[in-house]
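In what follows, every chain begins at residue 1, and chains take the letters A, B, ... in the order their sequences are listed.
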Amino acid sequence: MKNKIKAYVDYQFRFDHSKEAEDKKAEIVANLYDRYDQLLEKYHDEEKAYIETIKQIGDFNIKEEEIPDEYGIKPSWPDIAMIVATAFAVFGLATTVFSLVYGSIMLAISISLYAASCFYLFNYSQYVKKVEMDVVKHNMLLKKIFQFMKTNFVFWSISISLIASNFIQGLFSLIGGYGFMTITSFLGSNPQEIIYAAQNLIVVGILTLIILLIVCYSYFKKLYSKLMRKYYYLTGDKSLKSHGQMAKDFLDDDSEVKKKTPLGILVNRFTIILINFITLNLACKTTVTIHNPYFNGSVVNAIGTYYLVDLGDNTIFSITFYILLISLAITNLLMIIFRKKDIIKILAIFIQPALLVVSLLAIVFARTVASSYDLGYIFVAMGLDIAFIVLFIVSEHMKKKANRESVKENI
Amino acid sequence: MELTGDILRGHTDAIILSILSESDNYGYQINLEIAKRSDEDFMLTEATLYTTFKRLETDELILSYWKDGLYVKRKYYSITPKGREYLKILSQQWEKTKIIIDKFIGEKKNEK
């Protein structure tokens, strides 16, 4: 019967995720056990003693599955369209790495869906305000627009900069010039010249990607701040949380205030994933260029296309990159899922560079055609990756230290 | 008695602090003490007890610590010097209130 009492208390506080919940439950259960023992002595009836004990709990004002206000509005197509637009923004970025064409189509669909939903929601919100004079509903509708905005803007800016950088590379290879490969110049050239030209293109690729990333990101950031000001002007709400942030809060679900260190803001999981993404991109590109079909004498427009799915003439490269890609994905996933368990997190952090090194060695041993200096780019990118992982560990450590100190201050 | 319960509930802080001023104690024992002194008329629910403890602890009027019991761990509470001060104020306030209420409905009104 005592287990039943404990189960009842646990159930009553099932929505309480705070740190003190365990202590609270333990204290209440201990008191109720005493009460139960006393009542059992009095009634000699377990069932009656149990019911009387439960009555003793009283009213803790526990809210049963509170339904947020936003569910007061009947869902309509923009709700679905918003989610699809965000999904396309995220997966579109991944697709852009493999195929520019499909990536661009997904980006276009994402932007169109989002724009259409915004148009509908904004007009509806104005109608609600003017005709129904319901400001709460008006604010809720506007909130729906802005909750997806941040995520979409981030992914769009990366996708757009990737597509644009590839476009610029294409332009360079078309215009040609000293050191750049043109459609006519590579015919009859010797392999060394082709490698040289390909390397120049890679440098252009990296530079344009970095510059475009900065430009696109700044543009979207500026646009976002402008729109957020507009949102505040329209609703007076200063505390808007994106869907991503809400999900993060839900997963974190501890009430302790996390202090942000400057290093922590700069180096986070997102930066690591971004750096990994660029590393992969560079590594793939370099290798693809080295073992492209020009060496076999066949003429294919290969620049700007990633051969990740081509298992044709040099299988070992492709397989190595598949392993690299999957391992990076798995380790990143591990870091996210088990981020509260330090050992697994640290393991994931160390496995990642180890895998990179193993992959690199595999490439080195498998090389038969190109010369070794081509690997410089991979080394640089990997160095950056490892440096960021180290910084990540340091920043995590600093964050913990700052938290511990703030806890001490509070005590 | 419903009405007595309502009046007493308004003085939960004073009741709990006065019991703790005698010795450190834990939730159920405090509740038993209340029942005993009120001739089994009055007993606080866990919810009232817990929220009162929480409030008093936040105001630094009481302290808590865990102690191993016979079968389970118990959370003991002890009164702080600030709590004792506050209890004195409450008891002075009660004396004054008693005098005023007596003038309307108490024995002293009947004496007049």
Are any non-hydrogen side-chain atoms of A:R35 and B:M43 less than 4.5 angstrom apart?
-> yes

Are the side chains of A:D34 and B:R74 in touch, meaning some heavy atoms are under 4.5 Å apart?
-> yes

Could you tell me whether the side chain of B:E46 reaches within less than 4.5 Å of the side chain of A:V9, counting heavy atoms only?
-> no

Interatomic distance, A:N31 atom CG to B:I30 atom CD1 [nearest 0.5 angstrom] = 8.5 Å

Is there side-chain contact between B:Y26 and A:E27, with heavy atoms separated by less than 4.5 Å?
-> no

Atom OH of A:Y43 with >12 non-hydrogen neighbours under 6.0 angstrom | yes

Could you give the distance from CD1 (A:I28) to OG1 (B:T45), rounded to the nearest 0.5 Å?
-> 10.0 Å

Could you check B:W66 against A:D23 for side chain to side chain contact (heavy atoms under 4.5 Å, CB included), going step by step and ending with a plain yes or no?
-> CA-CA 10 Å; B:W66 287 92; A:D23 276 359; 3.9 Å; yes

Look at atom NZ of B:K88 and say whether more than 12 heavy atoms of other residues, nucleotides or ligands are closer to it than 6.0 Å.
-> no

More than 12 heavy atoms of other residues, nucleotides or ligands under 6.0 Å from OH of B:Y86: is that the case?
-> no

How far does CD of A:Q56 sit from CG of B:N31, to the nearest 0.5 angstrom?
-> 5.5 Å

Can you tell me if NZ on A:K6 sees more than 12 non-hydrogen neighbours from other groups inside 6.0 Å?
-> no

Here the pair of heavy atoms bringing B:K73 nearest to A:A30 is O-CB, 3.7 Å

When you look at OH of B:Y65, are more than 12 heavy atoms from neighbouring residues, nucleotides or ligands closer to it than 6.0 Å?
-> yes

Between B:L44 and chain A, which part of the residue has a heavy atom less than 4.5 Å away: side chain, backbone, both or neither?
-> backbone

State whether the number of non-hydrogen atoms from other residues, nucleotides or ligands found under 6.0 Å of A:E41 atom CD is greater than 12.
-> no

State the CD1-OH distance between A:I57 and B:Y50, to the nearest 0.5 angstrom.
-> 14.0 Å

